[in-house]
Participant: 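Sharing a structure below in structure tokens format, with a few things to ask.
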Amino acid sequence: MITKAGYATAIAGKWHVSLLHKHNTINEFGFDHYQVWQIFDSEGNKRRRYWKPHMNRNGTIITDQVKNQYGQDVDVDFLIDFIKTNTKKKKPFFAYFATPLPHFPWEPTPDSEDPNSYRKPHNEHKGDPKYFPDMVKYLDKCVGLFMQAIEDQGIADNTVFIFLADNGKDRDLVNRWGDGHEIKGGKGTMTDRGTHVPMIVRWPGHIEEGATCNDLIDFSDFLPTLCELGGAPLPDDVIHGRSFFPQLLGKKGNPREWVHVQHEEKRHVRSHDYILNNDDEFRPVVEIWKSPAMPIQNTNPKEADARKKLQEVLDMLGE
């Protein structure tokens with residue numbers, strides 16, 4: 001939709017909406033330019049995403065051209081060139097960095113002490129968790145390069161910079177947080193460790209530095225928010241997202257009372273304080289490092305009212 005408002009668009013990194021060796025849908029989804037890891041080659045063999053990456057750039061496989069480079073360096077260079085080109089043209093742009101970092105296989109980055117150990121076969125295993133911190137640091141470095149690029153182009157004050165994750169970390173990983181709390185990864189689980197992810201938005205002169213907002217945000221909210229930011233029309237189809245553009249400016253907006261989460265056959269509705277799932281379990285929301293709270297058996301009036309409202313939502317969405 002944002003292309004209708006005159007924006008150039010590009011994506012680099014992952015593309016999991018379709019398997020590119022069979023059906024390339026990237027342009028159909030609104031991206032003018034792309035450079036993404038193609039998971040399978042033309043013969044159906046799974047290929048690398050980090051070292052010796054199998055890359056598809058605007059319909060051309062460039063694997064041989066980048067065989068001596070780290071995949072995310074290639075992606076960063078591609079998007080920074082896109083940013084510079086469109087800044088020079090004075091054309092607004094939307095750049096989407098869908099990085100695989102720090103997804104397994106956990107391998108050394110160019111900044112690791114032993115970067116050459118990546119040569120081990122990797123497609124059938126998860127790698128070594130000891131490299132996970134290196135990969136997180138390298139992701140931070142990539143973000144820094146983008147921020148420096150828009151500063152160098154003199155467009156930082158006119159660029160909305162959004163950073164967010166798509167799910168919690170892998171269940172094979174355990175990290176320490178704060179005062180030594182151990183947090184096991186929750187990806188693929190119906191817990192806040194799997195579904196409550198960080199989001200940071202930077203827009204100098206518009207978003208107050210250091211400001212926070214505790215409103216519930218759903219991924220479906222990004223379409224209307226980006227359309228409002230870019231002055232683009234919303235689609236004619238009914239959408240479930242709601243714009244959080246006002247909240248970015250410190251206004252009340254139209255905050256959600258709940259979000260719906262689904263993984264395969266499991267579903268739940270989450271408010272600020274409670275979670276109700278399709279197994280009829282009603283729980284309080286707890287700190288992310290704790291195990292899920294035990295289901296509430298005997299509700300007080302406040303809890304009973306909260307459960308009733310969530311049940312109505314769950315029933316409505318299940319129809």
Participant: Is there a side chain to side chain contact (heavy atoms under 4.5 Å, CB included) between I207 and R202? Walk through the geometry before answering.
Facilitator: CA-CA 7 Å; I207 298 176; R202 179 179 185 265; over 6 Å; no

Participant: Which heavy atom of S220 sits nearest to which heavy atom of R256, and what is that distance?
Facilitator: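 Reported closest heavy-atom pair: OG-NH2, 3.3 Å.
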
Participant: Taking atom types as modelled and ignoring hydrogens, do the side chains of R49 and H103 form a donor-acceptor contact shorter than 3.5 angstrom?
Facilitator: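 Looking only at side-chain atoms, H103 and R49 do form a donor-acceptor pair, the distance falling under 3.5 Å.
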
Participant: Using 0.5 Å steps for rounding, measure from the CD1 atom of I11 to the CG atom of N27.
Facilitator: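 It comes to 11.0 Å.
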
Participant: Using a strict cut-off of less than 4.0 Å between a Lys/Arg side-chain nitrogen and an Asp/Glu carboxylate oxygen, indicate whether D280 and R307 qualify as a salt bridge.
Facilitator: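 Looking at D280 and R307, the cut-off is met.
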
Participant: Walk me through it: do L20 and I26 pass the test side chain to side chain contact (heavy atoms under 4.5 Å, CB included)?
Facilitator: CA-CA 9 Å; L20 298 180; I26 299 180; 4.0 Å; yes

Participant: Given D170, which partner from the list K184, K126, K187 fulfils the salt bridge (Lys or Arg N to Asp or Glu O under 4.0 Å) test?
Facilitator: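 That would be K126; it is the only one of K184, K126, K187 passing the salt bridge (Lys or Arg N to Asp or Glu O under 4.0 Å) with D170.
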
Participant: Can you find a heavy atom in the side chain of Q72 that is under 4.5 Å from one in the side chain of P100?
Facilitator: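 Side chain of Q72 against side chain of P100, heavy atoms only: contact under 4.5 Å found.
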
Participant: Is the closest basic N to carboxylate O distance between K14 and D166 below 4.0 Å?
Facilitator: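 So K14 pairs with D166 through a salt bridge.
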
Participant: Measure the shortest side-chain to side-chain distance between H240 and H260 over non-hydrogen atoms and say whether it is less than 4.5 angstrom.
Facilitator: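 They are not in contact (no side-chain heavy atoms under 4.5 Å apart), so the answer is no.
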
Participant: How would you list, by chain and number, every residue that makes a salt bridge (charged side-chain N to carboxylate O under 4.0 Å, His left out) with E287, sequence neighbours excluded?
Facilitator: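 Result, salt bridge (charged side-chain N to carboxylate O under 4.0 Å, His left out) vs E287: K290.
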
Participant: Using a 4.5 Å cut-off on heavy atoms from C-beta on, say whether the side chain of I62 contacts that of Q35.
Facilitator: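 Yes - at least one pair of side-chain heavy atoms lies under 4.5 Å apart.
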
Participant: With side chain to side chain contact (heavy atoms under 4.5 Å, CB included) as the criterion, how do H54 and D41 come out once you've worked through the C-alpha distance, each side chain's angles and the decisive distance to 0.1 Å?
Facilitator: CA-CA 8 Å; H54 191 60; D41 61 23; 3.6 Å; yes

Participant: Would you call W106 and D172 a side-chain contact if the rule is heavy atoms closer than 4.5 Å?
Facilitator: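 Of all side-chain heavy-atom pairs linking D172 with W106, at least one is under 4.5 Å.
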
Participant: Sub-3.5 Å donor-acceptor pair from the side chain of E303 to the main-chain atoms of N300, do we have one?
Facilitator: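 Yes, E303 side chain to N300 backbone: donor-acceptor pair under 3.5 Å.
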
Participant: Any salt bridge linking E257 with R242? Criterion: basic side-chain nitrogen under 4.0 Å from a carboxylate oxygen.
Facilitator: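 Here E257 does not pair with R242 in a salt bridge, since their nearest N and O are not under 4.0 Å apart.
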
Participant: In this structure, would I155 and L79 fall into the same cluster of hydrophobic residues linked by side-chain contacts under 4.5 Å?
Facilitator: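 Same cluster: I155 reaches L79 through Ile, Leu, Val, Met, Phe, Trp or Tyr contacts under 4.5 Å.
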
Participant: For the residue pair D75 and M55, establish whether any side-chain heavy-atom pair is separated by less than 4.5 Å.
Facilitator: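 Heavy-atom side-chain distance check passes, below 4.5 Å.
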
Participant: Within the structure provided, determine whether N56 and N24 are in side-chain contact (heavy-atom separation under 4.5 Å).
Facilitator: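 Side-chain contact under 4.5 Å: yes.
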
Participant: Looking at D152 and K84, is any side-chain nitrogen of the basic one under 4.0 Å from a carboxylate oxygen of the acidic one?
Facilitator: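 A salt bridge is absent here (no side-chain N lies under 4.0 Å from a carboxylate O).
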
Participant: Restricting to non-hydrogen atoms, name the atom on Y274 and the atom on A306 that form the minimum distance, rounded to 0.1 Å.
Facilitator: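 Minimum heavy-atom separation between Y274 and A306: CD1-CB, 3.7 Å.
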
Participant: Under a 4.0 Å N-O cut-off, is there an ion pair linking K137 with D111?
Facilitator: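 A salt bridge is absent here (no side-chain N lies under 4.0 Å from a carboxylate O).
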
Participant: Any side-chain to backbone donor/acceptor pair from N277 onto D279? Under 3.5 Å, distance only.
Facilitator: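 Yes, N277 side chain to D279 backbone: donor-acceptor pair under 3.5 Å.
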
Participant: Is it the case that more than 12 heavy atoms not belonging to K91 sit under 6.0 Å from its NZ atom?
Facilitator: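 Yes.
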
Participant: Report yes or no: do I39 and I61 belong to one cluster of Ile/Leu/Val/Met/Phe/Trp/Tyr joined by side chain heavy-atom distances under 4.5 Å?
Facilitator: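 Result: no, two separate clusters.
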
Participant: Would you say C142 and T99 make side-chain contact, with heavy atoms under 4.5 Å?
Facilitator: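 No, side chains not in contact.
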
Participant: Strictly under 6.0 Å, is that where the ring centroids of F132 and F104 end up?
Facilitator: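 Ring centroids of F132 and F104 are no less than 6.0 Å from each other.
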
Participant: Can you see which heavy atom on D192 is nearest to which on V285, and at what distance?
Facilitator: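 Reported closest heavy-atom pair: OD2-CG1, 3.7 Å.
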
Participant: In this structure, which one of W37, F29, F40 forms a ring-ring contact (aromatic ring centres under 6.0 Å, His included) with W15?
Facilitator: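 Output: one option passes, namely F29.
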
Participant: Using the rule given for side chain to side chain contact (heavy atoms under 4.5 Å, CB included), can you reason through H33 versus F78, listing the C-alpha separation, both sets of side-chain angles and the distance that settles it, and then say yes or no?
Facilitator: CA-CA 10 Å; H33 308 281; F78 174 81; 4.1 Å; yes

Participant: Under 3.5 Å, is there a donor-acceptor pair between the side chain of R270 and the main chain of V261?
Facilitator: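 No, because the side chain of R270 does not come within donor-acceptor range (under 3.5 Å) of the backbone of V261.
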
Participant: How are the rings of Y70 and W51 set to each other: parallel, tilted or perpendicular (split at 30° and 60°)?
Facilitator: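 Tilted.
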
Participant: For T3 and G30, indicate whether the former's side chain and the latter's backbone hold a donor-acceptor pair under 3.5 Å.
Facilitator: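 Checked: no pair found.
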
Participant: Between the side chain of D218 and the main-chain N/O of V259, is any donor-acceptor distance below 3.5 Å?
Facilitator: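 Pair absent, no side-chain N/O of D218 close to backbone of V259.
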
Participant: Parallel, tilted or perpendicular: which fits the ring planes of F245 and W203, with parallel below 30° and perpendicular above 60°?
Facilitator: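 Plane angle between 30° and 60°, so tilted.
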
Participant: Output all residues satisfying side-chain contact (heavy atoms from CB on, under 4.5 Å) with D134, sequence neighbours left out; order by chain, then residue number.
Facilitator: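 With neighbours one apart ignored, the set is T109, S112, Y131.
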
Participant: Does any part of the side chain of F222, heavy atoms only, come nearer than 4.5 Å to the side chain of M199, both counted from C-beta?
Facilitator: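 Counting from C-beta outward, M199 and F222 do come under 4.5 Å.
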
Participant: For N214, does the CG atom have more than 12 heavy-atom neighbours from other residues, nucleotides or ligands under 6.0 Å away?
Facilitator: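 Atom CG in N214 is not packed in, count stays at 12 or less.
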
